[in-house]
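My questions will all concern the structure given below.
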Amino acid sequence: MVKRIGVLTSGGDAPGMNAAIRAVTRVALNSNIEVFGIYDGYKGLVEGNIEPLTKARVGDIIDRGGTILGSARLPEFKDIEVRKKAVDQLKKRGIEAVVVIGGDGSYRGALALTEMGINCIGLPGTIDNDIASTDFTIGFDTALSTIVEAVDKLRDTSSSHHRCSIIEVMGNRCGDLAIYAGIACGAEIVVTSATGFEEEQMLERLRDLDVIRKKRHAIVIISEKMTDVHQFAKKVSLNTGFSGRATVLGHVQRGGSPTPNDRVLASKMGEKAVDLLMHGIGGQCVSIKNNEIIAVPIEEALNIPRASRKELQNLFERLV
Ligand code: ADP
């Protein structure tokens, strides 16, 4: 039976990572497994920045955004020689297995380590919801709440000024934050990699909303990397009756206290990760599918095509 495990957070941070660290630590300690916190992701692992975690150390963190363990990117981790140093650091301390909380890049690192004899379990910690094996990632619900709060505020001022508010949200080429926010905020237009962006068509729709529907405002939610929203706002002002204003929400979407849903999801997933390691299983990632917590081989998870969310897009169109 595994006696010592490590836990690290890697890649972009997400609210709820702390709740996951807490769950992994407490569930493991309650099963008489020692837990070590590895600081700054794979970078701290290679450098040996590793300390034991206690129940008290993970107290008072369930409500905090970010990650108490810190996160970092270490592109060199793709190099087997660098990973050998990581394995040495773990072996030196008797740490047999690791829980990796992060996105798909972090999952690749976890799989590579598993192939070198260290069982790793991945937990989906990212606001983008861009891991296809799971319906929801830890942090998505919180980021969505942040977006909805911001868009609700923009809507108030937009109606007063006959404005078209163009809001760029994160997603790393996954449109989930945009489409969920579009439905939740009652937006007029949502643009994601699934819908594509045709500028002329967008301007035409906005003219219709102004002239035919006589809308006092228009809310357009656009996934990052689809277009330059500031340029588009200028075109809206020049070519429609609305005054176009762009807002890039940026990193505020990554922060804040995790929602209750994210805290519970992180706790369930943390528990599952420890259970898998206790059964000697590695190279898998924890997912939630149809409200059930399951394990999926990382290799399989990385190759699942992303859901198109056509049903959500259809719902959105029927609500406009
Ligand atoms: P995320 O986990 O949020 O997708 P990144 O893509 O930046 O973030 O990945 C986080 C870290 O995972 C990288 O800095 C690197 O250390 C490690 N990593 C990414 N891809 C690989 C890979 N193919 N092999 C080994 N490690 C990887």
Side-chain angles (χ1 to χ4, degrees), residues 6-18 20-21 24 38-50 65-67 69-90 97-134 136-140 142-143 169-177 193 223-225 250-251 253-255 258 262 265-266 269-270 273 282-287 296-304 306:
V7 56
L8 63 81
T9 47
S10 166
D13 69 334
M17 279 182 161
N18 281 327
I21 295 166
V24 167
I38 299 161
Y39 289 83
D40 298 328
Y42 294 125
K43 182 169 174 286
L45 176 55
V46 171
E47 290 169 359
N49 194 357
I50 300 170
T67 156
L69 293 176
S71 189
R73 291 199 158 91
L74 182 72
E76 299 83 7
F77 204 67
K78 289 176 191 159
D79 178 349
I80 187 154
E81 294 307 317
V82 175
R83 290 202 303 277
K84 273 185 189 159
K85 286 187 200 160
V87 172
D88 288 346
Q89 293 286 8
L90 293 168
V98 179
V99 179
V100 172
I101 309 164
D104 56 353
S106 305
Y107 276 17
R108 286 178 217 281
L111 183 59
L113 268 185
T114 302
E115 284 162 359
M116 294 169 77
I118 303 289
N119 270 348
C120 291
I121 296 294
L123 293 192
T126 164
I127 65 163
D128 297 324
N129 219 35
D130 60 344
I131 297 180
S133 64
T134 186
F136 296 107
T137 56
I138 298 165
F140 172 74
T142 306
V169 300
M170 285 185 168
N172 189 29
R173 303 198 187 281
C174 169
D176 286 10
L177 279 173
S193 51
S223 280
E224 62 185 350
K225 297 172 188 164
H251 278 77
Q253 295 164 91
R254 286 255 186 97
D262 269 335
L265 181 65
M269 288 183 159
Q284 305 225 347
C285 58
V286 179
S287 304
V296 177
I298 291 178
E299 198 149 17
E300 195 183 308
L302 292 173
N303 289 313
I304 297 174
R306 186 165 297 157

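Order of listing sets the numbers, starting from 1, for every ligand and every atom in it.
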**Report entry** Protein residue, atom and distance nearest to atom 2 (O) of ligand 1, heavy-atom basis
**Finding:** Ser106 OG, 2.5 Å
Query raised in the report: Just by distance, do the side chain of Arg306 and the backbone of Arg173 share a donor-acceptor pair under 3.5 Å?
Result: yes
Query raised in the report: How does Phe77 reach ligand 1, by side chain, by backbone, by both or by neither, if only non-hydrogen atoms under 4.0 Å count?
Result: both
Query - Heavy-atom nearest neighbour in the protein, as seen from atom 11 (C) of ligand 1, with distance rounded to 0.1 Å - result: Ser10 OG, 3.7 Å
**Report entry** N/O donor-acceptor pair under 3.5 Å between Asp262 side chain and Ile138 backbone
**Finding:** no
Report summary line: min-distance protein heavy atom vs atom 24 (N) of ligand 1 -> Lys78 CG, 3.5 Å
Requested in this report: Could you establish whether Thr126 and ligand 1 come within less than 4.0 Å of each other, counting only heavy atoms on the residue side?
Outcome: no
Query raised in the report: Does Ser223 reach the main-chain N or O of Gly175 with its side chain, forming a donor-acceptor pair under 3.5 Å?
Result: no
Requested in this report: Could you tell me whether the side chain of Thr9 and the main chain of Ile101 form a donor-acceptor pair under 3.5 Å?
Outcome: no
Requested in this report: Give the residue, atom name and distance (to 0.1 Å) of the protein heavy atom nearest atom 8 (O) of ligand 1.
Outcome: Gly11 CA, 3.4 Å
Report summary line: For Gln253 and Met170 the tightest heavy-atom approach is OE1-N, 2.9 Å
Query raised in the report: In chain order, what residues pass the ring-ring contact (aromatic ring centres under 6.0 Å, His included) check against Phe77, with sequence neighbours excluded?
Result: Tyr42
Query raised in the report: Against heavy atoms of Gly12, which atoms of ligand 1 measure under 4.0 Å?
Result: 3 (O)
Query - Protein contact of atom 6 (O) of ligand 1 - nearest heavy atom, named by residue and atom, plus distance - result: Gly105 CA, 3.5 Å
Query raised in the report: Atoms of ligand 1 less than 4.0 Å from Tyr42 heavy atoms?
Result: 12 (O), 16 (O), 17 (C)
Query raised in the report: Nearest non-hydrogen atom to atom 16 (O) of ligand 1 belongs to which of Ile127, Leu111, Leu74, Asp128?
Result: Leu74
Requested in this report: Please confirm whether the backbone N or O of Pro15 pairs with a side-chain atom of Arg254, one donor and one acceptor, at under 3.5 Å?
Outcome: no
Requested in this report: Please report the C-alpha distance between Val7 and Ile38 in whole Å, then the side-chain angles of each, then the deciding distance to 0.1 Å, and finally whether the side-chain contact (heavy atoms from CB on, under 4.5 Å) criterion is met.
Outcome: CA-CA 6 Å; Val7 56; Ile38 299 161; over 6 Å; no
**Report entry** Where ligand 1 meets Gly103 - atom numbers and elements under 4.0 angstrom, heavy-atom basis
**Finding:** 1 (P), 2 (O), 3 (O), 4 (O)
Report summary line: In this structure, atom 7 (O) of ligand 1 is nearest to the protein heavy atom Arg73 NE, 2.5 Å
Report summary line: Per-atom filter on ligand 1: closer than 4.0 angstrom to a heavy atom of Arg108 are 20 (N), 21 (C), 22 (C), 23 (N)
Query raised in the report: Which residue supplies the protein heavy atom nearest to atom 26 (N) of ligand 1, what is that atom called, and how far is it?
Result: Gly109 CA, 3.3 Å
Report task. Check whether any side-chain N or O of Gln284 sits under 3.5 Å from a backbone N or O of Ile121 as a donor-acceptor pair, and report yes or no. Result -> no
